[in-house]
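Right, one structure below, let's go through it.
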Amino acid sequence: MVECSISNKIYTYTHECKWPSEAADVHHIIVRKSRSKGSLVCFLALLILANIIHLFLVKEKSITILFWSFLCNVLLLKLLLWKPVEKESVVVMPAFGVQLETHYVSGKIIRRFVPIDKILKPALLECVTPVTCYWSLSLIVREEAELMLVFKELRPPVKMLVPIWKALCAATGSEGSLNTCTEEDGPWR
């Protein structure tokens, strides 16, 4: 049973409650299928096939030109198929812990489990790089030097991360406040 759903052009967020609300809380971020991307992949595959046929049939043309066009087409095809992630899920079990799942298009599933007593606090962070800015959801884990990313492959928008963050805060018993900066923190306020 889907309780809540949020969508944009790239991702769909769903919140499921299959069991009683105290047992498990399942959150999915699903990559939406793009029809234009599929048609572009088919077009590039046909272009590669045409280059291969042309390479074998026409011998007067320069082979280096055909080779470079073939190589460029293969690289474009690889870039379009680069992230084969179908969905990432967070299963919050307040009595046991949090299970993080990454589902790939190939059928491969990678699962990570974090016991609830090892989670100090979930953190909703804004990541800034020279090229882009995005939000990420991380777990501060006891006896770990680095933050554990909840979504390793996907970068969903903050409106999809907030319900998951609130569920993690409720499960770990930490206070979930979006405004955690106070005047005592420093002069930057």
>> If the condition is salt bridge (Lys or Arg N to Asp or Glu O under 4.0 Å), which residues does E144 pass it with, not counting sequence neighbours?
In response: none

> Any chain of hydrophobic side-chain contacts (each under 4.5 Å) joining I140 to L149?
Replying inline: no

> Say you draw a straight line from NE2 of H15 to CD1 of I6; how long is it, rounded to the nearest 0.5 Å?
Replying inline: 11.0 Å

>> In the structure I gave you, are the side-chain heavy atoms of E88 and Y11 within less than 4.5 Å of one another anywhere?
In response: no

>> For the OH atom of Y13 and the OG atom of S5, what is their distance to the nearest 0.5 Å?
In response: 9.0 Å

> Going by heavy atoms in the side chains, are P156 and F151 under 4.5 Å from each other?
Replying inline: yes

> Would you say W135 and I30 are hydrophobically clustered, going by side-chain heavy atoms of ILVMFWY under 4.5 Å?
Replying inline: no

> What about L154 and Y134, same hydrophobic cluster or not, with Ile/Leu/Val/Met/Phe/Trp/Tyr joined at side-chain heavy-atom distances under 4.5 Å?
Replying inline: no

> Which pair of heavy atoms, one from V128 and one from C133, lies closest together, and at what distance?
Replying inline: CG2-SG, 4.0 Å

> Shortest non-hydrogen contact from N8 to I10?
Replying inline: OD1-N, 3.0 Å

> Once you round to the nearest 0.5 Å, how far does NE2 of H27 lie from OG1 of T14?
Replying inline: 9.5 Å

> Which atom pair, heavy atoms only, marks the closest approach of S7 to K159?
Replying inline: O-NZ, 4.1 Å

>> How close do A24 and V91 get, counting heavy atoms only, and between which atoms?
In response: CB-CG1, 4.4 Å

> Can you tell if the side chain of L137 reaches within under 4.5 Å of the side chain of L168, non-hydrogen atoms only?
Replying inline: yes

> How far does OG1 of T102 sit from CZ of R112, to the nearest 0.5 angstrom?
Replying inline: 5.5 Å

> Does L125 reach the side chain of L147, with side-chain heavy atoms less than 4.5 Å apart?
Replying inline: yes

> About how many Å separate CD1 of I29 and OG of S89, when rounded to the nearest 0.5 Å?
Replying inline: 9.0 Å

>> Please report the interatomic distance NZ(K118) to CZ(F113), rounded to the nearest 0.5 Å.
In response: 11.0 Å

> Take atom CD in E146; do more than 12 heavy atoms of anything else shown fall under 6.0 Å from it?
Replying inline: no

>> Side-chain heavy atoms nearer than 4.5 Å, only ILVMFWY residues, links allowed to pass through others: does that put V90 and I119 together?
In response: yes

> What is the minimum heavy-atom distance between Y104 and E86, and which atoms define it?
Replying inline: O-OE1, 3.9 Å

> Would you say the side-chain atoms of R142 pair up with the backbone N or O of D117, donor to acceptor, closer than 3.5 Å?
Replying inline: yes

> Do V92 and I110 share a hydrophobic cluster, counting only Ile, Leu, Val, Met, Phe, Trp and Tyr and linking them when any side-chain heavy atoms are less than 4.5 Å apart?
Replying inline: yes

